[in-house]
Amino acid sequence: MAGHAVIVADDHPLFRSALRGAVEQALPDAQVTEADSAQAVQAAVRMVPDADLCTLDLRMPGAYGFSTLAFLRGNHPSLPVVIVSAVTDPSVIRRAETLGAVGYIPKSAPPQVIAQSIQRVLAGDTAFPDTGANPTLSPAETADQALAERIASLTPQQFRVLTLLADGLLNKQIAYEMNVTEATIKAHVTAILRKLKVSNRTAAVIAARKLDVDDTEAGLDGAQPQMTAP
DNA sequence: CTTGAACAGCAGTCCTACAA
DNA sequence: TTGTAGGACTGCTGTTCAAG
């Protein structure tokens, strides 16, 4: 069997390198592709269309929380995505699970645990820290899912426009960033508004940011879920 | 799906004229 | 001098349609 292909997405070079090490520990034959932004993730997925796994940081340039996860679920449904984040709030972990991630690894987890989680996911299992039983979805989680489905329906170009829109860029600036004309951006924005079921760009930005993760949710204090080795 | 062009509507800015 | 109303202009946004 050929080696595994893994996409490691994290904007922090040091942690990306550590994560790469953990992946190579779990899969010595792995071919690792690194990405440091939401845009780079898109490029990586295009470059390695048959990747076996993607580890995804929630906070990267061009990414608003779970928006990249939602996009990947919609455009690359066969690619398993494991969220790797400093945020350890149980509600965030549950959101990741609800939105289609196959695993969630706190950055505080030791390399062996990260490696074991990766192996579990590649074996077809899931790898989430124990957050306690909570079988029913809250209304907020149901709304999250509906929003994620809409974002998942966006094309790659539309998703890119949405992320730049969320950064506060004007159509002209987005056009410059993407190397197309302003008219093209307008057409994309119209399509985005239609798919997200909103009436203007401000509402679209608000919608995109609903999938963001609040910094205060980073579990630096209080009870943290325990990542247990199988 | 992506891109571009044409068009209409809206909001903000600038300038001018006029009254208090 | 100051404040305000009105018009022209400009920039931005959003829609629609057509072509590749």
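Numbers restart at 1 for each chain; the letters A, B, ... are given by sequence-line order, proteins then strands.
Across the protein-nucleic acid pair, A:L193 atom CG and C:dT13 atom P stand 12 Å apart, rounded to whole Å. Distance, A:N171 CG to C:dT15 P: 11 Å, rounded to whole Å.
Qualifying salt bridge (Lys or Arg N to Asp or Glu O under 4.0 Å) partners for A:E24, counting only residues two or more places apart in sequence or in other chains: A:R20. Under the side-chain contact (heavy atoms from CB on, under 4.5 Å) criterion, A:A115 pairs with A:Q25, A:A26, not counting sequence neighbours. When the side chain to side chain donor-acceptor pair (under 3.5 Å) test is applied to A:D36, no partner is found at least two apart in sequence or on another chain. Evaluation of the side chain to side chain donor-acceptor pair (under 3.5 Å) rule for A:R160 yields A:Q39 as partners, not counting sequence neighbours. Qualifying side-chain contact (heavy atoms from CB on, under 4.5 Å) partners for A:P49, counting only residues two or more places apart in sequence or in other chains: none. Partners of A:F159 by ring pair (Phe, Tyr, Trp, His ring centres under 6.0 Å), not counting sequence neighbours, listed by chain and number: A:F71. Residues satisfying the side-chain contact (heavy atoms from CB on, under 4.5 Å) test with A:T33, not counting sequence neighbours, are A:I7, A:A44, A:M47, A:V48.
Rotation axes derived from the C1' atoms of the five outermost pairs at either end of the helix from B:dC1-C:dG20 to B:dA20-C:dT1 lie 10° apart, to the nearest 10°.
Among residues at least two apart or in separate chains, there is no side-chain hydrogen bond (donor to acceptor under 3.5 Å, both in side chains) pair with a member in residues 66-80 of chain A. Listed by first and then second residue, the salt bridge (charged side-chain N to carboxylate O under 4.0 Å, His left out) pairs involving residues 99-109 of chain A are A:D10-A:K107, A:D57-A:K107 (not counting sequence neighbours).
Bracketed by its first and final contacts, the part of DNA chain B lying under 4.0 Å from non-hydrogen atoms of chain A reaches from B:dC1 to B:dA5 in 5' to 3' order.
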All N/O contacts under 3.5 Å from nucleotides 17-20 of chain C to the protein, with atom names and distances to one decimal?
none

